[in-house]
Amino acid sequence: MSENKIIADRCESRSFVYRKLASLSPNWERSNGYALVSQISDIDSELHCAHELALCDLSHLSRIGFKGNGTNEWLAKQNVTIPDNINSANLLENGCLTARLGSNDILILDNLREATNLPETLKHQWHLDYAPEKTACGYIMPRQDSHACFCVTGIHAAELFSRLCAIDLRSHKFANHMIAQTSLARLGAIIIRQDIRDTNAFLVLVENVTAEYCWECLHDAMQEFHGQIIGVSTLINLMQ
Amino acid sequence: MKLMPCPMNGPRNISEFICGGEVEQMPDPVNASDHEWADYLFIENNLKGVVREWWMHVPTSYWFIAERNTETEEIIKTYPASELYRQRIEFNK
């Protein structure tokens with residue numbers, strides 16, 4: 001057993017697709033007690049893949065959801081700007097992403113490059129404010145534990161999705177920060193276009209129990225375009 | 001593939017939806033007889049022609065109402081349930 005593997009096994013939290021990642025013998029990194037894959041092959045080759053077609057596990061990315069009556073008003077009080085339209089997302093000043101999945105259904109993802117812990121802060125504040133007999137502030141959706149989060153990047157990303165879902169995700173049809181909640185390989189999935197600088201990128205969130213299956217489907221479909229699995233540090237590198 | 005226009009997500013493959021049965025007026029849950037309640041829950045009218053039904057977009061768990069013709073399979077229109085139900089129903093009163 002390698003030194004890397006030992007460190008990964010000792011972490012408190014691991015990805016929903018940990019075993020699939022471990023089979024690639026990657027470099028592991030510890031982040032807030034979470035074992036994440038920082039890199040699999042050399043950085044230049046991974047960066048090249050990220051521009052062409054790559055899949056990255058972001059299950060460690062801090063996230064939370066709020067839903068129900070009063071959610072939008074409560075989030076506005078916390079200085080969280082909510083997108084005007086359903087099925088769209090926006091970037092906050094601190095780099096966090098807010099995604100509007102329904103009229104009162106908001107998903108918040110932390111900044112990948114520089115963690116702000118906004119999801120944890122909001123969770124803490126919500127528990128302090130929750131008083132349904134006084135004011136409605138919705139309820140918490142534990143998206144960190146309920147959903148896996150992957151990122152698909154590269155010029156072939158839309159073509160890859162065309163093999164697995166019925167929504168046209170090509171750049172001229174599906175603008176940056178648009179959201180599709182649809183079937184992906186027959187699974188319910190949330191797909192958010194969140195470009196990384198000039199590179200097309202899509203966040204894919206699927207229910208945790210279907211994570212391995214979805215990962216396998218994406219990985220299998222990627223083979224047609226010679227896509228590769230990459231580590232988180234490559235994605236962060238792409239942002240700089 | 002047949003398309004269903006979801007009021008929230010736009011046109012989607014029909015395979016992304018399930019039908020939740022006819023929209024019916026709920027009898028008073030306190031005073032309704034067993035027969036009336038069972039009729040409301042389980043008995044379908046199965047009409048030929050234009051019907052009003054509950055449908056759900058499965059990936060978003062979004063329930064809405066669709067009017068469709070069971071004879072021609074045409075979907076006439078879809079709209080949010082809030083157009084029919086404007087206030088919360090309290091069962092404990």
Side-chain angles (χ1 to χ4, degrees), chain A residues 65 67-70 83-89 99-107 132-133 136 138-139 141 143 146-148 161-169 173-175 178-193 202-207 209-210 213-214 217, chain B residues 1-26 28-30 52-70 72-93:
Chain A
K67 192 175 184 179
N69 283 340
D84 292 334
N85 300 313
I86 295 170
N87 284 325
S88 64
R100 190 168 184 180
L101 307 177
S103 56
N104 290 301
D105 185 356
I106 310 295
L107 164 69
E133 67 282 2
Y139 52 92
M141 302 288 285
R143 303 275 187 187
S146 65
H147 284 69
F161 283 113
S162 74
R163 306 296 192 264
L164 299 170
C165 85
I167 305 298
D168 190 347
L169 300 179
K173 295 275 185 183
F174 196 79
M178 275 180 77
I179 298 173
Q181 299 179 80
T182 187
S183 287
L184 179 75
R186 300 259 168 187
L187 300 171
I190 302 166
I191 303 171
I192 306 170
R193 182 172 164 199
F202 296 89
L203 294 168
V204 179
L205 290 107
V206 291
E207 281 186 33
V209 291
T210 62
Y213 169 77
C214 181
C217 287
Chain B
M1 180 73 81
K2 192 174 175 182
L3 295 179
M4 167 76 94
C6 172
M8 187 170 90
N9 296 285
R12 294 295 164 88
N13 286 343
I14 196 77
S15 59
E16 293 192 17
F17 298 87
I18 57 164
C19 181
E22 296 160 357
V23 175
E24 287 191 72
Q25 183 71 36
M26 185 178 74
D28 179 353
V30 178
R52 195 159 61 173
E53 293 170 323
W54 285 103
W55 281 77
M56 183 180 77
H57 180 242
V58 178
T60 49
S61 302
Y62 176 73
W63 284 96
F64 60 94
I65 293 167
E67 291 181 10
R68 67 181 188 97
N69 190 320
T70 55
T72 61
E73 286 286 295
E74 180 195 5
I75 296 165
I76 297 156
K77 64 173 177 175
T78 58
Y79 46 90
S82 57
E83 288 191 17
L84 278 189
Y85 299 95
R86 297 193 178 276
Q87 67 188 96
R88 184 185 169 92
I89 297 168
E90 299 293 347
F91 289 92
N92 297 326
K93 286 184 179 172

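All figures in this text were calculated on a predicted structure; none of them were measured in a lab. Labels below follow one simple rule: chain letters A, B, ... track the order of the sequence lines, proteins then strands, and each chain is numbered from 1. Heavy-atom basis, side chains included; hydrogens, waters and symmetry copies ignored.
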Kindly check if the number of other-residue, nucleotide or ligand heavy atoms within 6.0 Å of NZ (A:K173) is above 12? no

The interface call for B:N9 against chain A, heavy-atom contacts under 4.5 Å, is both

Identify, with sequence neighbours excluded, every residue that meets side-chain contact (heavy atoms from CB on, under 4.5 Å) alongside B:Q25. none

Is there a donor-acceptor contact under 3.5 Å from the side chain of B:R12 to the main chain of A:Q181? yes

Nearest heavy-atom contact between B:P59 and A:G188 is CB-CA, 4.1 Å

By residue number, those in residues 61-70 of chain B with heavy atoms under 4.5 Å from heavy atoms of chain A are none

Looking at A:T182, A:I167, A:L184, A:L101, which makes the most heavy-atom pairs under 4.5 Å with chain B? A:T182

Pairs involving residues 54-63 of chain B, ordered by first then second residue, that meet salt bridge (charged side-chain N to carboxylate O under 4.0 Å, His left out) (sequence neighbours left out): none

Got more than 12 heavy atoms from elsewhere within 6.0 Å of CG, A:N69? no

Residues forming a salt bridge (charged side-chain N to carboxylate O under 4.0 Å, His left out) with A:R163, sequence neighbours excluded: A:E224

